[in-house]
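No experiment lies behind these values; they were computed from the predicted model shown. In what follows, chains carry the letters A, B, and so on, assigned in the order in which the sequence lines appear, proteins first and then strands, with residues in each chain numbered from 1.
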2 protein chains.
Amino acid sequence: MFSIGALSQHTGVKVPTIRYYEQMGLMSAPERTEGNQRRYGRAERERLGFIKHARDLGFSIGAICSLIELNNHPNRSCAEASEIAASQLVYVREKIASLTRLERELARISDGCSGNGIADKCYVLASLADHARCETDH
Amino acid sequence: MFSIGALSQHTGVKVPTIRYYEQMGLMSAPERTEGNQRRYGRAERERLGFIKHARDLGFSIGAICSLIELNNHPNRSCAEASEIAASQLVYVREKIASLTRLERELARISDGCSGNGIADKCYVLASLADHARCETDH
DNA sequence: CTTGAACCTCTAGCTGCTAGAGACATTAAG
DNA sequence: CTTAATGTCTCTAGCAGCTAGAGGTTCAAG
């Protein structure tokens, strides 16, 4: 049995965030001391670890809710959990692709401008003003 | 001289967003008709184009504020603008790197689970519960 | 028994918008 | 010139996913 602060230290999730997760229904309401303070056990620590890990992987609160639900129905869990993970993977890959396009554009803009102020107009500012200079869509 | 709706159509920025930019100080307050409606000219359309382009490239509102400021002081603009663009580039590259690590992890998790429910425990759920299975930091 | 840290609830703030209410302005058709 | 449809106005509240603060209570060490 440990306090919210101890749970926070064990998992690396901040105290107010733990309370927020409880409010959002990710964590169920724990036991309380006589003085109304939260006391957690091993199961709760594991669940919070699960949540943190999923959040670190970019899963939304909603998706994690679904995953937790699935965990409670082991017979139909695997296919649906796979689907959630797969769609998260698609989402991440799309983000990478779009950021990579931006990176190319930014690198081009950054390179074009030596930063010495010699050019009569700053290449960075000019590039931002004029989308036609771009090589990729965004 | 065109209305906020027309400006929106020209630039692809939604009407409430234009008003929001005005509130945030990115766009200066335009002329008004007798009936208090906003009327924009060519200069404002260009500025909004600049803002949209920068937003599309992931610059924050704050960064765009700085860039606009710099645009008004051409003599000291180039070096600072370069710096802002460069730091944006660093930020984007970091994001790509971290997403790429996640992608690898997710792909591994997704692959491990065939989704047919044969395994006695779902690989996706097990992986999320147990960070020790991960190959990279996150 | 005292003290100081940790805890409680509640509210408000952050970014970058988006949506809605209720009222007024503009514009095109009849 | 009137009327109807659309556009616009301001204001407030909401979204995710927290984070910060106020003001008060409880716990644990000494």
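- Listed in residue order, the members of residues 13-31 of chain B having a heavy atom less than 4.0 Å from DNA chain D are B:Arg19.
- Under the side chain to side chain donor-acceptor pair (under 3.5 Å) criterion, A:Arg93 pairs with B:Glu103, not counting sequence neighbours.
- For the contact set between residues 34-41 of chain B and DNA chain C, defined by any heavy atom under 4.0 Å, the members are B:Gly35, B:Gln37.
- Looking only at side-chain heavy atoms (C-beta outward), B:Val92 and B:Leu57 stay at 4.5 Å or farther from each other.
- B:Phe2 meets the ring pair (Phe, Tyr, Trp, His ring centres under 6.0 Å) test with B:His10; sequence neighbours excluded.
- Distance check: B:Phe50 CZ to B:His53 NE2 gives 10.0 Å after rounding to the nearest 0.5 Å.
- Residues that satisfy the side chain to side chain contact (heavy atoms under 4.5 Å, CB included) test with B:Ala63, not counting sequence neighbours, are B:Phe59, B:Ser60, B:Ile84.
- Projected onto DNA chain C by closest heavy-atom contact, B:Ile61 and B:Thr33 fall at different nucleotides, the more 5' of which corresponds to B:Ile61.
- Every side chain to side chain contact (heavy atoms under 4.5 Å, CB included) that B:Val90 has, sequence neighbours left out, goes to B:Glu94.
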Listing, residues 41-49 of chain B side-chain donor-acceptor contacts under 3.5 Å, not counting sequence neighbours, or none:
from: B:Glu44; atom 1: OE1; to: B:Gly41; atom 2: N; distance (Å): 3.0
from: B:Arg47; atom 1: NH1; to: B:Leu26; atom 2: O; distance (Å): 3.2

If you look only at distance, which donor and acceptor atoms sit under 3.5 Å apart when one is on a side chain in residues 27-40 of chain B and the other is two or more places apart or in another chain?
from: B:Arg32; atom 1: NH1; to: B:Asn36; atom 2: O; distance (Å): 2.9
from: B:Thr33; atom 1: OG1; to: B:Gly35; atom 2: N; distance (Å): 3.2
from: B:Thr33; atom 1: OG1; to: B:Asn36; atom 2: N; distance (Å): 3.4
from: B:Thr33; atom 1: OG1; to: B:Gln37; atom 2: N; distance (Å): 3.0
from: B:Gln37; atom 1: OE1; to: B:Arg39; atom 2: NH2; distance (Å): 3.0
from: B:Arg38; atom 1: NE; to: B:Glu22; atom 2: OE1; distance (Å): 2.8

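- Partners of A:Thr100 by side chain to side chain contact (heavy atoms under 4.5 Å, CB included), not counting sequence neighbours, listed by chain and number: A:Ile96, A:Arg104, B:Ile96.
- Here the straight-line distance linking atom CD of A:Gln88 with atom CD1 of B:Ile109 works out to 10.0 Å at 0.5 Å rounding.
- B:Ala107 and A:Leu89 get closest at one heavy-atom pair: CA-CD2, 3.8 Å.
- For the pair B:Ser8 and B:Val13, the tightest heavy-atom approach, listed with the atom from each and the gap, is OG-O, 2.7 Å.
- Residues of residues 42-50 of chain A having a heavy atom closer than 4.0 Å to DNA chain D: none are found.
- At whole-Å resolution of the value, CZ in A:Arg32 and P in D:dT26 are 13 Å apart.
- A heavy-atom distance below 4.5 Å is not found between the side chains of A:Ile51 and A:Thr11.
- Separating the CD atom of B:Gln9 from the C1' atom of D:dT8 is a distance of 14 Å, rounded to the nearest angstrom.
- Taking the 5' to 3' direction, DNA chain C first and last meets chain B under 4.0 angstrom from a heavy atom at C:dG16 to C:dT26.
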